[in-house]
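What follows is a single structure, written as structure tokens, with notes after it.
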2 protein chains.
Amino acid sequence: MTSPVTDTKTIPDLLAGKGVRLTAPRRAVLDVLVAQAAPLAVAEIHAKLGNRRINLVSVYRTMRLLSQLGLVRLADESKGTQRFELSEAFTGHHHHLVCEQCGLVEDLEGCWLGVNMLDALNRRVRRARQFRVTSHDLKLFGLCQRCGSA
Amino acid sequence: MTSPVTDTKTIPDLLAGKGVRLTAPRRAVLDVLVAQAAPLAVAEIHAKLGNRRINLVSVYRTMRLLSQLGLVRLADESKGTQRFELSEAFTGHHHHLVCEQCGLVEDLEGCWLGVNMLDALNRRVRRARQFRVTSHDLKLFGLCQRCGSA
DNA sequence: GTCTCTGCAAAACTTTTGCAGTGTG
DNA sequence: CACACTGCAAAAGTTTTGCAGAGAC
């Protein structure tokens, strides 16, 4: 009963069919994301890789690859920096708290939007605006614990 | 019964107290935003200013100033570019449709989240996470008319 | 005259691209 | 060998900063 990501078998096999290798650097990036319960900036991921001498550019390339493969998701781009997290297949559908002061992004478990409401909204938008909704994102802005108590 | 923004009297007076002048370039930027029903990128605003020889840097500075004054709001930062719109005091509270393919952002009138649900959510987040919610943002991702029919 | 604002140039940052070299099947 | 991957350097794109001159009150 291992995590789908840390499982040494399923993911590499899944990728092999596409000619993609789950190399040590990529594995390391995924490990960093698995250990985190919130979106991480590319620079933060790179920093957490520590002494493994992995180039920042490789982290960028890895993030784009993993996004295309659906393993990872670009969860936030505020303050001019991309923040990634494991895709919802692994984390479950959820939303985020965003601190307006320091830019910290935290996970908020679960989805609070009713399925009925979302269905109605999607249908309406599709009919009235010819816009096909594929996903949604709810963010709560405010002050995090640190900034709020300061 | 003029719009609060196009009204030549209230806004300048409001700013005067802070030592801020509503100059021609700033007025021009506001006019562009008023004429638009969706968030605009800084480069787009600059382009719409056309032959008025206003520097791109001045547009950036104007946007930051207007944001601080609460007249304008940073509505979206996807694809690495900031997009601004008039603040909700003028446009009313609303959300956005974001095309995942071309990055187009459209307005979606009104708020679909129930007040009761939001209140409960805010209280819960405040209690459990010491996070003080001040606002929220709902985005629907998908394909716009152009990209969806292609 | 003072203080704000603007334009131009340059800098800072994040992200992408080119290319040569490494490694693996 | 072929092909994917990585690192280094350079480029590209957006946003910010410095400074001197122009403009408003």
Side-chain angles (χ1 to χ4, degrees), chain A residues 8 11-30 32 39-69 71-84 102-103 105, chain B residues 8-9 11-30 32 39-47 49-69 71-84 102-103 105:
Chain A
T8 27
I11 295 291
D13 289 358
L14 183 149
L15 303 187
K18 309 190 177 187
V20 174
R21 296 173 191 160
L22 186 50
T23 61
R26 290 172 182 172
R27 187 65 180 269
V29 167
L30 278 172
V32 168
L40 283 177
V42 177
E44 290 170 343
I45 296 169
H46 182 242
K48 284 182 187 292
L49 292 174
N51 48 12
R52 263 175 276 195
R53 19 185 108 272
I54 295 172
N55 194 286
L56 178 62
V57 174
S58 293
V59 181
Y60 273 104
R61 283 197 269 234
T62 296
M63 298 325 293
R64 190 164 49 174
L65 176 73
L66 295 178
S67 294
Q68 289 165 349
L69 294 173
L71 296 179
V72 147
R73 186 175 91 92
L74 179 52
D76 186 88
E77 295 187 71
S78 59
K79 297 260 200 291
T81 63
Q82 301 175 344
R83 288 175 196 79
F84 293 89
C102 70
V105 182
Chain B
T8 28
K9 195 155 165 227
I11 297 291
D13 289 358
L14 183 149
L15 304 186
K18 308 191 176 184
V20 174
R21 297 171 192 159
L22 186 51
T23 60
R26 288 171 184 173
R27 187 66 181 269
V29 167
L30 279 173
V32 168
L40 282 177
V42 178
E44 291 170 343
I45 296 171
H46 182 243
L49 292 174
N51 48 10
R52 264 174 276 194
R53 17 187 106 271
I54 295 172
N55 195 287
L56 177 63
V57 173
S58 294
V59 180
Y60 272 104
R61 282 196 270 234
T62 296
M63 298 325 293
R64 189 163 51 174
L65 176 74
L66 296 177
S67 293
Q68 288 165 350
L69 294 174
L71 296 180
V72 147
R73 186 174 93 90
L74 180 52
D76 186 87
E77 295 186 72
S78 58
K79 298 257 199 292
T81 63
Q82 301 175 345
R83 288 174 196 79
F84 293 88
C102 69
V105 182

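Lettering of chains follows the sequences in order, A, B, ..., and the numbering in each one begins at 1.
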Answer whether the closest heavy-atom distance between the side chains of [X] and [Y] falls below 4.5 Å.
X: Leu15(A); Y: Arg26(A); answer: no
X: Phe84(B); Y: Ser67(B); answer: yes
X: Val59(A); Y: Met63(A); answer: yes

Does the side chain of Thr81(A) pick up a donor-acceptor pair with the side chain of Arg83(A) at under 3.5 Å? yes

Between atom [atom1] in [X] and atom [atom2] in [N], what is the gap in whole Å?
X: Arg21(B); N: dG23(D); atom1: CZ; atom2: P; answer: 13 Å
X: Arg27(A); N: dT6(D); atom1: CZ; atom2: C1'; answer: 19 Å
X: Leu15(A); N: dC3(D); atom1: CG; atom2: C1'; answer: 16 Å

Quick check: on DNA chain C, is the nucleotide nearest Val59(B) upstream (toward 5') of the one nearest Gly19(B), or the reverse? Name the residue that is more 5'. Gly19(B)

First locate atom CG of Leu74(A), then atom CZ of Arg64(A), and finally report the distance between them rounded to the nearest 0.5 Å. 12.5 Å

Any side-chain N or O of Thr23(B) less than 4.0 Å from the OP1 or OP2 oxygen of dA24(D)? no

Going 5' to 3' along DNA chain C, between which two nucleotides do contacts with chain B fall, using a heavy-atom cut-off of 4.0 Å? dC3(C) to dA9(C)

I'd like to know if the side chain of [X] and the backbone of [Y] have a donor-acceptor N/O pair within less than 3.5 Å.
X: Thr62(A); Y: Ser58(A); result: yes
X: Arg27(B); Y: Leu22(B); result: no
X: His46(B); Y: Tyr60(B); result: no

Report, one pair per line, the protein and nucleotides 12-16 of chain D atoms (nitrogen or oxygen only) whose separation is under 3.5 Å.
{"residue": "dT14(D)", "atom": "O3'", "partner": "Gly80(B)", "partner atom": "O", "Å": "3.1"}
{"residue": "dT15(D)", "atom": "OP1", "partner": "Gln82(B)", "partner atom": "N", "Å": "2.7"}
{"residue": "dT15(D)", "atom": "OP2", "partner": "Tyr60(B)", "partner atom": "OH", "Å": "2.3"}
{"residue": "dT15(D)", "atom": "O5'", "partner": "Tyr60(B)", "partner atom": "OH", "Å": "3.3"}

So what does Arg53(A) touch, heavy atoms closer than 4.0 Å: a base, only the sugar-phosphate, or nothing? sugar-phosphate

